[in-house]
Trainee: 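Got a structure for you, written out below as structure tokens; questions coming shortly.
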Amino acid sequence: MMPAVQGPNNQNYADFYAKWVKLQEDDLHELQAALDSNIQEAELLELVQKVLAHYEDYYKVKDGAARKDVLSVVQSSWKSPLERAFMFIGGWRPSMVCQLVYAQAGQQIEAELAEFLSGVDTPTMASLSSKQLSQTSDLQQFTQKSEEDLEHRMAVLQQGMADQPLLSLAQGHGQQRPHQTLSLAQAAEQQRADEAATGNDHETELQSAIDDKVKGLEELVVDADDVRYSTLKEILHILNPVQAAQYLVAAAQIHIAIRHLGVKQNGTHQDDNHTEA
């Protein structure tokens with residue numbers, strides 16, 4: 001069994017992740033209350049920047065954990081099977097940032113029309129300017145290219161697991177060299193020595209080759225997180241404070257809803273398994 005990956009201050013990462021979800025819930029409520037109270041845009045911008053700082057802190061901790069135990073981070077045992085099923089290299093797909101903007105814009109068009117007819121003018125995603133739409137489109141294209149680069153690097157890592165260097169090491173693992181004509185006792189002693197020497201050599205070489213692959217995976221996860229965070233930061237820069245707050249509310253709502261549903265489903269499946277056993 002792999003050791004539990006740790007968060008800050010030697011905290012169990014599962015506990016850290018649970019606190020991160022709780023922080024998102026708190027941020028969601030604070031953002032929603034601010035939007036409902038019609039506070040000044042300057043105050044709303046400060047709140048948006050505070051929430052973005054929480055994302056930055058989260059990724060710093062996550063990337064630190066990946067540097068120590070990337071296999072556990074990719075496996076993400078602290079997440080539900082539903083969450084893990086749709087992960088992209090250890091997290092959410094970066095281009096979802098732009099997709100969420102478009103989804104919100106479409107959803108809010110009817111609501112904004114009703115408000116306009118009643119004399120209310122509240123900026124939403126439906127009122128994105130042509131400049132904002134162009135910037136969002138450019139960001140989406142750039143992000144999708146980054147995703148393609150990450151996917152190519154992952155493919156190279158995965159294909160490398162069946163490439164010739166590893167194949168040769170795997171085939172040589174446990175093999176012994178042929179013996180000259182020896183007595184039965186001498187042959188047995190020589191075989192034991194060969195198994196120890198050859199086995200250890202191949203084990204070391206094979207482990208070294210695998211370690212190189214794991215190191216490549218570590219860099220890949222860290223780079224993917226960098227794309228995730230930078231894309232989020234850029235979309236919040238494109239949006240005005242009200243739109244940015246609305247965006248962060250929607251993003252938190254999606255994450256929290258999937259998290260709660262996944263945990264509930266996982267608990268139900270575990271109960272069913274115990275019943276069948």
Side-chain angles (χ1 to χ4, degrees), residues 1-32 51-101 103-104 107 143 147 150-151 154 157-158 214 217-218 220-229 231-232 235 247-277:
M1 181 180 293
M2 298 178 66
V5 63
Q6 294 180 330
N9 303 318
N10 295 324
Q11 179 184 26
N12 183 284
Y13 196 90
D15 294 336
F16 163 74
Y17 186 76
K19 290 181 179 179
W20 162 241
V21 175
K22 178 61 170 60
L23 179 59
Q24 283 203 305
E25 292 176 340
D26 293 342
D27 287 342
L28 166 60
H29 295 148
E30 189 174 3
L31 285 164
Q32 192 62 68
V51 174
L52 179 61
H54 291 164
Y55 276 93
E56 182 179 13
D57 292 341
Y58 167 73
Y59 282 116
K60 284 181 179 178
V61 173
K62 183 187 173 189
D63 290 350
R67 295 290 188 189
K68 295 178 181 178
D69 186 359
V70 68
L71 298 182
S72 290
V73 170
V74 171
Q75 182 187 27
S76 295
S77 60
W78 45 85
K79 294 183 179 181
S80 67
L82 177 62
E83 293 171 282
R84 293 197 297 271
F86 294 96
M87 289 202 310
F88 173 84
I89 311 181
W92 45 270
R93 181 174 283 272
S95 58
M96 289 173 62
V97 165
C98 300
Q99 183 61 39
L100 181 56
V101 170
Q104 280 185 281
Q107 184 185 62
T143 303
E147 288 175 350
L150 292 168
E151 288 174 326
M154 175 61 87
L157 279 175
Q158 292 169 331
V214 172
L217 181 62
E218 173 189 310
L220 187 58
V221 170
V222 170
D223 288 348
D225 281 343
D226 182 62
V227 175
R228 278 184 267 271
Y229 174 73
T231 305
L232 175 63
I235 200 65
Y247 176 88
L248 289 170
V249 165
Q253 287 173 331
I254 290 176
H255 178 212
I256 293 167
I258 293 176
R259 168 69 174 174
H260 288 173
L261 181 60
V263 170
K264 181 179 179 180
Q265 288 181 342
N266 192 41
T268 301
H269 292 161
Q270 289 180 344
D271 290 341
D272 290 344
N273 290 336
H274 289 316
T275 301
E276 291 173 2

Trainee: Is any side-chain heavy atom of L248 closer than 4.5 Å to a side-chain heavy atom of D27?
Mentor: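 With C-beta onward as the side chain, the pair stays apart.
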Trainee: Evaluate the side-chain proximity of L31 to V51: yes if any heavy-atom separation is below 4.5 Å, no if none is.
Mentor: yes
Trainee: Counting N and O atoms only, with roles assigned by atom type, does the side chain of Q265 sit under 3.5 Å from a partner on the main chain of L82, one being a donor and the other an acceptor?
Mentor: no
Trainee: Which heavy atom of A66 sits nearest a heavy atom of V222, and at what distance?
Mentor: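 In this case the closest contact between A66 and V222 is CB-CG2, 4.4 Å.
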Trainee: Specify the closest pair of heavy atoms between S80 and V263, including all atoms of both residues, with the distance to one decimal.
Mentor: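 Looking at all heavy atoms of both residues, the shortest contact is CB-N, 3.8 Å.
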Trainee: Filter on salt bridge (Lys or Arg N to Asp or Glu O under 4.0 Å), then keep only pairs touching residues 74-91, sequence neighbours left out; what's left?
Mentor: E83-R259
Trainee: Calculate, to the nearest 0.5 Å, the distance between atoms OG and OH belonging to S76 and Y13 respectively.
Mentor: 7.5 Å
Trainee: Do L150 and F88 have side chains that get closer than 4.5 Å, going by heavy atoms?
Mentor: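 Of all side-chain heavy-atom pairs linking F88 with L150, at least one is under 4.5 Å.
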Trainee: To the nearest 0.5 Å, what is the distance between CD1 (I89) and CD (E147)?
Mentor: 8.5 Å
Trainee: When rounded to the nearest 0.5 angstrom, what distance separates CE in M96 from CG in L100?
Mentor: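 One finds 7.5 Å between CE of M96 and CG of L100.
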Trainee: Out of curiosity, R93 CZ to M87 CE, how far, rounded to the nearest 0.5 Å?
Mentor: 13.0 Å
Trainee: Using side-chain heavy atoms (C-beta onward) and a distance below 4.5 Å, is Y59 in contact with D226?
Mentor: no
Trainee: Is it the case that the side chain of K62 and the backbone of D225 share a donor-acceptor pair, with hydrogens and angles ignored and the cut-off at 3.5 Å?
Mentor: no
Trainee: Any chance you could measure L261, atom CG, to N266, atom CG, to the nearest 0.5 Å?
Mentor: 11.0 Å
Trainee: Which pair of non-hydrogen atoms, one from L157 and one from L217, has the smallest distance, and what is that distance?
Mentor: CD1-N, 3.6 Å
Trainee: Run the salt-bridge test on D26 and K22 with the 4.0 Å N-O cut-off and return the result as yes or no.
Mentor: yes
Trainee: Just so I know, are the side chains of Y229 and L52 near enough to count as touching, which here means a heavy-atom distance under 4.5 Å?
Mentor: yes
Trainee: To check you understand the geometry: which heavy-atom pair defines the closest contact between T143 and S95, and what is its length?
Mentor: CG2-N, 3.6 Å
Trainee: Less than 4.5 Å apart, any side-chain heavy atom of V249 and any of Q253?
Mentor: yes
Trainee: Just how far is it from atom NZ of K68 to atom CG of D63, taken to the nearest 0.5 Å?
Mentor: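 Those atoms lie 12.5 Å apart.
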Trainee: Apply ring-ring contact (aromatic ring centres under 6.0 Å, His included) to Y55 and list each qualifying residue two or more places apart in sequence or on a separate chain.
Mentor: W20
Trainee: Restricting to side-chain hydrogen bond (donor to acceptor under 3.5 Å, both in side chains), what partner residues turn up for E30, sequence neighbours left out?
Mentor: K50
Trainee: I want to check something: taking the side chain as every heavy atom from C-beta on, are M154 and L220 in contact at a cut-off of under 4.5 Å?
Mentor: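 Answer yes - side chains close enough.
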Trainee: Which atoms form the tightest heavy-atom contact between W78 and S72, and what is the distance?
Mentor: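 For W78 versus S72, the nearest heavy atoms are CH2-O, 3.4 Å.
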Trainee: What are the two closest heavy atoms between Y247 and V97, and how far apart are they?
Mentor: OH-CA, 3.2 Å
Trainee: What I'd like to find out is whether the side chain of H255 reaches to under 4.5 Å of the side chain of V21, using heavy atoms alone.
Mentor: yes
